[in-house]
Amino acid sequence: MTGSEYQKNSITLSGAVAMGTGVMIGAGIFALTGQIAELAGPLFPLSFVVGAIVTAFSAYTYIKMSNAYPSAGGIGMILKKAYGPTTVAAGAALLMALSMVINESLVARTFGTYTLRAFGGDPDSILVPVLGVGLIVFAYLVNVSGNRSVGLLSIIMAILKVGGIALFGAAGLWASGISFEASGGDFRAGGFVASVALSILAFKGFTTITNSGAEVTNPHRNVGRAIVLSIAICVVVYLLVAFAVGSSLPLDRIVAAKDYALAEAAQPALGQTGFYLTVALALVATASGLIASVFAVSRMLAMLTDMKMIPHSHFGMPGTIKDHTLVYTVVIAGFLTVFFDLSRIASLGAFFYLVMDMIIHFGVFRHLREEIGARGWVLLTAIALDAVVLAAFAAMKWQSDPLIVVLGAIGMALVFLFVGIFLARNPALEGAHDHH
């Protein structure tokens with residue numbers, strides 16, 4: 001694959017912001033609000049604030065690296081520059097790719113759940129994964145049509161859902177008399193810190209901008225600007241909606257309806273019309289989030305293949321490596337959508353992402369901070385915050401669902417073993433295809 005296959009200047013600043021918010025709002029609000037409330041208790045809106053603070057420290061590393069070396073491989077490029085073509089770099093990059101695919105299955109199942117709620121269906125129905133897989137296929141078809149289709153659709157959907165969700169939040173607060181009903185229940189510090197792991201997942205969509213760096217107009221400036229703008233927009237929207245949900249429902253009902261909390265909150269606050277409008281917003285948000293995520297992860301996998309850090313087989317398919325990685329992305333996302341529920345998908349994504357994030361910060365701190373002009377204390381703070389949140393989340397999940405902790409650990413070990421064996425047999429060259 002050559003650099004010419006990437007379409008330079010095909011994503012504007014507004015398109016990049018729309019892509020970032022598209023992924024974040026698609027997962028963050030509709031899939032995770034109820035699960036965050038289950039862990040954080042009555043202070044669940046504040047979990048989004050803390051998640052945004054942790055994300056801001058993390059984003060510093062990505063912005064500094066993207067400004068210096070904008071790349072179509074984004075995170076793969078950062079890891080290779082920090083560690084060279086090693087097992088650590090390839091394994092962490094694959095963890096990021098997998099966490100993004102996991103996010104796609106999370107969003108796909110959320111789409112299925114909200115669709116069924118519109119028709120009074122059972123959220124545990126087999127139709128949930130069926131509808132989710134259908135959305136994944138739709139996202140594949142949109143991505144096949146090219147970058148400009150993705151960028152245009154992302155902008156349209158982002159405007160619709162950010163405006164619509166903000167309106168939902170404001171209307172919900174107004175209808176409830178701005179009284180917070182979700183004040184019952186016990187506050188546990190450990191549960192609150194653990195909830196931040198899911199809040200971070202609600203913001204990690206900013207990395208889709210990093211992964212499309214070479215295709216953004218004026219990337220040395222606009223990649224960082226797009227990341228900052230998308231995080232800022234999302235924290236405002238998340239807070240507005242979290243308070244609206246908390247004003248409409250007591251905590252126990254939010255937790256009981258954790259997979260479709262916004263739809264549940266809309267009915268008492270805004271009536272039947274508000275309920276259907278919220279479901280419609282959920283469908284728009286999840287669809288656009290999935291389209292943007294599939295776009296970014298397929299390009300990241302193509303970049304890793306181009307850098308000879310992961311194996312590739314076309315399985316008889318025609319087209320470029322990007323075409324093939326697009327197929328792999330949707331197939332893996334479809335598999336996870338069918339076989340995992342929302343809570344376990346979110347947990348697995350949090351484990352993979354936080355471990356990868358710490359590896360990136362450490363690598364940049366050790367090898368690149370002077371080269372890119374990054375402040376060491378910011379990088380070390382990002383590592384410490386990630387470590388505290390990961391430890392609290394793992395401890396909480398070990399008590400409630402130890403199997404997912406075991407599966408997460410085994411999954412990460414297998415990823416590093418897989419790339420270690422591949423690189424031992426096919427050593428990558430130090431200077432191969434950095435694309436910056």
Side-chain angles (χ1 to χ4, degrees), residues 27-28 31-41 43-44 46-58 61 75 79 88 91-103 105-106 109 185-205 207 255 258-259 336 339-363 365 379-418:
L32 296 173
T33 300
Q35 295 188 49
I36 289 168
E38 184 177 28
L39 291 172
L43 295 183
F44 74 92
L46 295 183
S47 180
F48 287 111
V49 177
V50 178
I53 293 169
V54 176
T55 300
F57 277 97
S58 287
T61 303
I75 286 162
L79 286 160
V88 172
L94 203 50
L95 281 184
M96 180 61 201
L98 287 172
S99 78
M100 293 168 73
V101 175
I102 289 166
N103 179 74
S105 61
L106 175 75
R109 282 195 74 103
D186 297 327
F187 170 76
R188 293 174 297 164
F192 182 86
V193 176
S195 77
V196 175
L198 297 181
S199 299
I200 291 169
L201 273 192
F203 288 101
K204 84 175 186 71
T207 57
V255 173
K258 62 183 179 182
D259 291 347
L336 291 168
F339 291 103
F340 284 77
D341 63 25
L342 277 174
S343 180
R344 283 182 164 173
I345 290 170
S347 299
L348 206 56
F351 290 139
F352 282 20
Y353 177 75
L354 288 169
V355 169
M356 179 282 310
D357 202 47
M358 287 189 287
I359 291 172
I360 280 189
H361 299 316
F362 182 75
F365 175 79
L379 302 175
L380 291 176
T381 302
I383 295 170
L385 291 172
D386 279 350
V388 168
V389 171
L390 178 61
F393 187 67
M396 189 66 64
K397 282 296 173 183
W398 184 255
Q399 294 176 0
S400 62
D401 187 10
L403 178 60
I404 198 61
V405 180
V406 172
L407 287 175
I410 291 173
M412 286 185 278
L414 288 176
V415 165
F416 284 100
L417 179 63
F418 171 72

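Values below: every heavy atom of this structure, side chains too, minus hydrogens, waters and symmetry copies. The structure presented is a predicted model; accordingly, all values stated were derived computationally and were not measured.
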Could you measure the distance from the CD1 atom of Ile200 to the NZ atom of Lys204? Nearest 0.5 Å is fine. 11.5 Å
Reported OG-to-CZ distance for the pair Ser99 and Phe352, which is rounded to 0.5 angstrom: 8.5 Å
Can you check whether Phe351 reaches Leu95 side chain to side chain, under 4.5 Å on heavy atoms? no
Judged by atom type as modelled, is there a donor-acceptor pair below 3.5 Å linking the side chain of Arg109 to the main-chain atoms of Phe340? yes
May I ask you to test the Leu198-Phe393 pair for a side-chain heavy-atom distance under 4.5 Å? yes
Mind listing the closest non-hydrogen atom pair of Gln35 and Lys258 along with its distance? N-CB, 3.9 Å
Would Phe418 and Leu94 count as a side-chain contact (heavy atoms from CB on, under 4.5 Å) here? Give the steps. CA-CA 10 Å; Phe418 171 72; Leu94 203 50; 4.1 Å; yes
Minimum heavy-atom distance Ser58-Asp357, with the two atoms named: OG-OD2, 2.6 Å
pair Met396-Val193: side-chain heavy atoms closer than 4.5 Å: no
Taking all heavy atoms of Lys397 and all of Ser347, pick out the closest pair and write down the distance. CE-OG, 3.0 Å
Between OG1 on residue Thr55 and CG on residue Leu385, distance to nearest 0.5 Å: 10.0 Å
Output the distance between atom CG (Leu39) and atom CG (Leu32), rounded to the nearest 0.5 Å. 10.5 Å
Show the nearest heavy-atom pair for residues Ala394 and Val405, with the distance to one decimal. O-CG2, 3.9 Å
Ignoring hydrogens, what is the shortest heavy-atom contact between Ala92 and Met356? Give both atom names and the distance. O-CG, 3.1 Å
Between CE on residue Met412 and CG on residue Leu407, distance to nearest 0.5 Å: 10.5 Å
Under a 4.5 Å cut-off applied to non-hydrogen side-chain atoms, are Ile360 and Met96 in contact? no
Going from CD1 on Ile345 to CD1 on Ile404, what distance comes out if it is rounded to the nearest 0.5 angstrom? 9.0 Å
Beyond-backbone contact of Val406 with Trp398, side-chain heavy atoms, under 4.5 angstrom: yes
Test your reading of the model: is there a side-chain donor-acceptor pair from Ser199 to the backbone of Ser47, 3.5 Å cut-off? yes
Answer whether the closest heavy-atom distance between the side chains of Ile359 and Leu79 falls below 4.5 Å. yes
Any heavy-atom pair between the side chains of Thr61 and Phe365 that's under 4.5 Å? no
Can you tell if the side chain of Leu348 reaches within under 4.5 Å of the side chain of Leu98, non-hydrogen atoms only? no
Return the minimal non-hydrogen interatomic distance between Phe48 and Ala202, and the atom names on each side. CE2-CB, 4.3 Å
Begin from the C-alpha positions of Phe192 and Leu46 and carry the test side-chain contact (heavy atoms from CB on, under 4.5 Å) through to its verdict. CA-CA 9 Å; Phe192 182 86; Leu46 295 183; 4.1 Å; yes
